[in-house]
Amino acid sequence: MKKRLICTALVFAFMLSLMPCAFAASGFNNFRRTDTYPEGKFTDVPSGCWFEENVKSAYEMGLAKGTGDTAFSPSKPITLAETITFAARIHKIYNTGRSDFAVSDPWYETYVDYAVTNGIVSEYARSINLDKPAVRGDFAAVLACSVPEEALPALNEINNIPDVSAFDEREGYIRVLYAAGVLTGSDEYGSFRPDDTISRSEAVAIVTRVADPSLRKTFTLKEKPFEPVDMYKLANYYSLKKSMSDAEFRQAYNAALEFLAPLANLHPVDQMYCMTWGLREMFENSGEYSTSTPHYNDPYGYFILGIASCAGCARATGLCLNILGLNYEHVNENQWSHQWARVEFEGEYFICDPFGLYFGYEPAPYEHPYF
């Protein structure tokens with residue numbers, strides 16, 4: 001996760017220019033269908049398949065060719081080099097009406113040179129293996145930089161994409177393409193699978209929607225239903241229950257459900273972030289610190305009585321995490337020391353600590369940046 005959010009190597013969001021790209025006066029009228037796509041041109045593009053019209057459009061506009069005279073290889077993953085090539089072709093046609101590129105060795109060097117010169121990707125593109133498959137998030141982010149912002153006006157209202165975190169550097173680019181109708185998601189909730197590879201058939205659909213606004217989609221995403229973990233199935237049930245009665249635990253659980261409902265459709269990292277600072281705000285607005293009042297160290301104290309210590313806050317945090325299906329470790333549990341929730345997610349460890357005013361990556365195993 002950190003590698004994706006902080007310094008993505010294969011995830012080459014860092015290849016993107018962090019400054020707005022500059023574009024000359026130009027437009028979509030430059031995308032002319034100058035090549036003829038013969039019926040049955042590619043034997044692996046069946047008549048009537050969902051991507052046939054996209055392949056035809058990309059071929060006629062000079063944006064994509066086959067992998068052979070009669071093959072398109074629709075299921076083959078797109079590489080990073082091919083991703084840059086698509087973006088460079090779109091950018092050049094949009095801005096000049098031309099799609100000619102000099103021959104180079106390796107073949108993609110001419111496209112990389114163009115993309116770097118025109119701010120589509122950064123110099124970092126020259127330092128990685130471009131023959132490796134691209135992932136969907138990277139492909140989308142690079143394609144979003146192939147045309148100016150005004151060429152991607154919003155057609156759809158997008159609140160969030162359930163599997164793309166706001167902490168992901170690619171999120172802004174992906175969101176723009178969803179709003180513009182270039183991306184639609186892989187299910188009714190708009191899930192994008194940003195770290196999966198992307199096939200040539202999927203890629204050509206995105207490419208043609210960028211180049212031809214008439215192919216873009218309007219849609220309304222459904223809110224992903226809140227599916228909380230049942231109270232008696234919470235992973236840390238016995239640690240959380242502490243001295244609460246069943247009735248008290250139920251009250252705390254129901255209060256946590258109400259607190260978490262607005263976060264149900266967020267990416268898990270965004271859920272943790274919003275939950276951490278929401279619990280802190282709850283304490284600042286109506287909480288009282290105690291290490292002696294009954295329930296000072298459990299969720300009933302935090303959610304119902306408005307009293308807490310770092311132990312009670314850690315368990316209130318843990319209850320929320322467990323309800324969301326996230327496992328955690330209660331650091332320094334039952335010790336007279338600062339306590340917090342430690343969460344492993346996608347190979348990285350996060351600290352969720354409303355009481356200690358910190359949410360973020362763990363600096364080192366069981367190390368807190370403030371305590």
Side-chain angles (χ1 to χ4, degrees), residues 3-4 7-17 21 41-45 50-51 54-59 61-94 99-147 164 168-170 173-174 177 182-183 186 192-211:
K3 292 181 177 63
R4 184 175 75 232
C7 62
T8 61
L10 290 181
V11 178
F12 77 3
F14 269 167
M15 294 171 62
L16 302 175
S17 170
C21 305
K41 165 68 177 173
F42 299 122
T43 58
D44 53 3
V45 180
W50 72 267
F51 55 86
N54 299 111
V55 172
K56 178 180 178 181
S57 296
Y59 185 89
M61 288 188 284
L63 294 172
K65 304 298 183 184
T67 56
D69 289 341
T70 61
F72 186 76
S73 303
S75 60
K76 183 181 179 181
I78 284 288
T79 66
L80 297 176
E82 291 168 327
T83 297
I84 295 176
T85 298
F86 276 132
R89 285 174 179 163
I90 290 173
H91 184 280
K92 189 168 186 179
I93 294 172
Y94 185 93
S99 60
D100 55 312
F101 286 85
V103 176
S104 64
D105 185 19
W107 67 267
Y108 51 75
E109 184 176 3
T110 184
Y111 298 103
V112 175
D113 288 343
Y114 180 91
V116 171
T117 299
N118 288 277
I120 300 170
V121 298
S122 77
E123 285 284 346
Y124 182 70
R126 302 185 193 277
S127 66
I128 65 173
N129 181 359
L130 296 178
D131 290 318
K132 291 191 174 183
V135 295
R136 294 165 59 85
D138 297 344
F139 185 87
V142 173
L143 263 290
C145 269
S146 67
V147 293
V164 180
D168 190 325
E169 292 95 343
R170 304 166 299 182
Y173 300 105
I174 295 169
L177 294 185
V182 173
L183 301 176
S186 59
F192 184 57
R193 311 192 327 270
D195 297 316
D196 289 354
T197 57
I198 180 168
S199 68
R200 285 173 57 83
S201 58
E202 293 172 319
V204 79
I206 296 172
V207 166
T208 52
R209 289 174 192 163
V210 170

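Heavy-atom basis, side chains included; hydrogens, waters and symmetry copies ignored.
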> Do the side chain of Asn118 and the main chain of Ile120 share a donor and acceptor less than 3.5 angstrom apart?
Replying inline: no

Nearest heavy-atom approach of Pro77 to Pro133 is CB-CB, 4.2 Å

Measure from the side-chain N and O atoms of Ser127 to the backbone N and O of Tyr124, and report whether any donor-acceptor pair falls under 3.5 Å. yes

Does Thr70 use its side chain to pair, donor to acceptor, with the backbone of Thr43 at less than 3.5 Å?
no

Heavy-atom nearest pair, Ser201 first then Phe72, reads N-CE2, 4.5 Å

Rounding to 0.5 Å, atoms CG (Asp113) and CD1 (Ile84) come to a distance of 10.0 Å

- Task: Flag yes if more than 12 heavy atoms outside Lys76 fall under 6.0 Å of its NZ atom; otherwise flag no.
- Result: no

CD1 of Ile174 to CG of Leu177, rounded to nearest 0.5 Å, is 8.0 Å

What one should report as the nearest heavy-atom pair of Pro194 and Val164 is CG-CG2, 4.0 Å

Between Ser73 and Arg200, the two heavy atoms sitting closest are O-CD, 3.1 Å

What one should report as the nearest heavy-atom pair of Ser186 and Arg193 is CB-NH1, 3.1 Å

In this structure, CG of Leu63 is separated from OG1 of Thr85 (nearest 0.5 Å) by 11.5 Å

d(Glu202 CD, Arg136 CZ) to nearest 0.5 Å is 5.0 Å

Check: So Phe101 and Tyr114, would you call those rings parallel, tilted or perpendicular, with 30° and 60° as cut-offs?
Finding: perpendicular

Q.
Between Lys41 and Asp69 (side chain of the first, backbone of the second, donor and acceptor by atom type, cut-off under 3.5 Å), is there such a pair?
A. yes

